[in-house]
2 protein chains.
Amino acid sequence: MTSTLGFAILSVLARGDRTGYDLAAAMRRPVGYFWTAGHSQIHAELQKLLGAGLVGFEAEHGPGPRDRKVYHLTAEGTRALREWVTEPPRERPERDELVLKTYASWLAEPELVRRMFADQLAAHETRLAEYERHEASFGGPPAPGDPRFGNYATLRCGMGYERHRAEWCRWMLAQLGEG
Amino acid sequence: MTSTLGFAILSVLARGDRTGYDLAAAMRRPVGYFWTAGHSQIHAELQKLLGAGLVGFEAEHGPGPRDRKVYHLTAEGTRALREWVTEPPRERPERDELVLKTYASWLAEPELVRRMFADQLAAHETRLAEYERHEASFGGPPAPGDPRFGNYATLRCGMGYERHRAEWCRWMLAQLGEG
DNA sequence: CACAACTATGTCAGTTCTGACATAGTTGAT
DNA sequence: ATCAACTATGTCAGAACTGACATAGTTGTG
C-alpha cells in the first residue's frame with residue numbers, strides 16, 4: 001500500500017526527525033542519487049504516511065504563512081520500514097535515456113555521437129572523482145548496523161556505476177573511431 | 001514536445017514497420033532492458049505521434065474486432081529521431097529500489113539483508129551469462145552504421161552493468177560477513 | 001538599508017504511467 | 001473437437017509525477 005517514495009521518506013526519517021523541506025533537500029542529495037522526488041510530491045506523500053500512522057509531527061511556529069512541522073517515525077513506521085528493507089526489490093532501473101539513444105545511434109552522424117559520448121565520459125570521470133573524495137572522508141567502511149553504512153554502501157555502488165559507465169563510453173568511442 | 005517514449009517507439013520503427021502489438025513486444029525485449037511501456041501507453045503514444053505527423057499507418061483486416069494497423073516512420077519522423085539521438089540526454093537512471101533498500105539496510109537483520117544480496121548476486125550472474133551467450137551470437141561488433149550496432153552496444157552496456165552490480169553485491173556480502 | 005538567498009508550507013493543472021477490463025479471430029497441441 | 005496461447009486493438013479509472021504558482025518570515029551580504 002505504501003509506495004516506494006513513502007519508504008524513501010521513512011528511510012530518511014529513520015536517521016532523525018525532519019521537516020518536509022529538509023526531506024526535499026535530502027531527496028536531492030544524497031538520496032537523489034538513487035531516488036528522486038520534488039517537494040510537492042513529498043508533502044502529498046507525508047499526508048498519506050500520516051493517514052497510515054507511519055509518521056507523526058510536532059508543529060511549531062515557523063517562517064512563512066504556515067506552521068513548521070517536524071516529522072518523526074512512529075513505532076509502526078519503523079516496523080513497516082524494517083520489513084520493507086529485506087523484501088526482494090521488484091524493480092531494477094528500467095529507463096535510461098542514453099542507452100535508448102545508443103539503440104538508435106546508427107541513424108545519426110558518427111561525429112555527433114562521438115561528441116555526446118565524449119561529454120558523457122567527462123561527466124562520469126568528474127563524478128567518480130567527487131565520489132572518491134567523498135569516500136576518503138569516511139576513512140573506511142562503517143559497521144553494517146551504523147546508519148552511515150547505508151550512505152557508504154550506496155556511495156560504493158555509485159562509484160562502481162560511474163566506473164562501469166566510463167568504461168562503456170570509452171568502448172563506444174573506440175567503436176566510433178577517435179576524432 | 002515528443003516524449004522520450006515517443007522516441008523509443010520511433011527507434012523501433014526505424015528498424016522496420018510494426019503493429020502496436022509488435023511494438024509492445026519490442027518494449028519488453030530488447031528495448032525493455034533500458035525503456036519500458038505497457039501496450040496501453042503505446043497505443044496512446046501512437047495517436048500523438050500520428051497527430052504530430054511522425055508516423056503513419058496502413059490498415060488491413062486483422063484478427064479481433066478492429067483493423068490491424070501497421071505503423072511506419074514518415075520522413076519527418078526519421079528527421080526528428082535523427083535529431084533527438086545526439087541531443088545530450090537529460091536523465092540518467094534515478095530510481096533504484098535495491099540501492100534505496102541498501103540506504104536503509106542498517107535497520108534490518110543482517111542475515112535477511114545477506115539473503116537478499118545473495119539472491120541479487122545470483123540473478124546478476126544468470127543475466128550476465130545470458131548476455132554473454134547473446135553476445136557470442138553476434139560474432140564481433142557490427143559497424144556503427146548498422147542497426148545491429150544499436151543492439152550490440154546496448155547489450156555491451158548491459159553486460160558491464162551486470163558485472164558492476166555483481167561486484168557490488170559481492171562487496172556487500174563481504175561487509176555483512178558470509179553466512 | 002536594500003536585496004538576495006534561504007527556510008518552510010502548500011495547491012493545482014496537466015502529463016505520464018499502471019493495471020484492469022473488453023473484444024474477437026487464428027493457430028497449435030492434445 | 002476443445003482448449004490454451006497468441007495476435008491485435010482499444011478504453012478507463014486511478015496513481016504517480018512534474019512544474020508553476022502562491023505566501024511570508026529570517027538571515028547574511030554589500
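Below, chains carry the letters A, B, ... as their sequence lines are ordered, and counting in each starts from 1.
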What integer distance in Å separates [X]:[atom1] from [N]:[atom2]?
{"X": "A:L46", "N": "C:dG10", "atom1": "CG", "atom2": "P", "value": "8 Å"}
{"X": "B:I42", "N": "C:dC17", "atom1": "CD1", "atom2": "P", "value": "11 Å"}
{"X": "B:L5", "N": "D:dT18", "atom1": "CG", "atom2": "C1'", "value": "17 Å"}
{"X": "B:L49", "N": "C:dT16", "atom1": "CG", "atom2": "P", "value": "11 Å"}
{"X": "A:R28", "N": "C:dC6", "atom1": "CZ", "atom2": "P", "value": "10 Å"}
{"X": "B:R90", "N": "D:dT18", "atom1": "CZ", "atom2": "C1'", "value": "12 Å"}
{"X": "A:H43", "N": "C:dT11", "atom1": "NE2", "atom2": "P", "value": "9 Å"}
{"X": "B:E60", "N": "C:dG25", "atom1": "CD", "atom2": "C1'", "value": "14 Å"}

- same_hphob_cluster(B:L98, B:Y161) at 4.5 Å side-chain heavy-atom cutoff: no
- Can you spot which of A:P144, A:P142, A:C157 makes a side-chain contact (heavy atoms from CB on, under 4.5 Å) with A:Y152? A:P142
May I ask you to say what [X] touches in the nucleic acid, namely base, sugar-phosphate or nothing, with a heavy-atom cut-off under 4.0 Å?
{"X": "A:S40", "answer": "base"}
{"X": "B:G20", "answer": "sugar-phosphate"}
{"X": "B:R95", "answer": "sugar-phosphate"}

- Starting at the 5' end of DNA chain D and moving along, which residue's nearest nucleotide shows up first, A:K48 or A:R66? A:K48
- Pairwise 5' ranking along DNA chain D for A:P63 and A:M1, keeping only the more 5' one: A:M1
- Task: Indicate whether OP1 or OP2 belonging to C:dT9 is found under 4.0 Å from a side-chain N or O atom of A:Y21.
- Result: no
- Below 4.0 Å: OP1/OP2 of D:dA16 and any side-chain N or O of A:Q41: no
- NZ/NE/NH1/NH2 to OD/OE distance under 4.0 Å, B:E76 and B:R79: yes
- Regarding A:R15 and the six-membered ring of B:Y103, is the cationic atom NZ or CZ under 6.0 Å from the ring centre and inside 45° of its axis? yes
- Task: May I ask you to decide if the ring planes of A:W168 and A:F117 are parallel, tilted or perpendicular, using 30° and 60° as cut-offs?
- Result: perpendicular
- Between A:D67 and B:G62, whichever has its closest DNA chain C nucleotide further toward 5' is A:D67
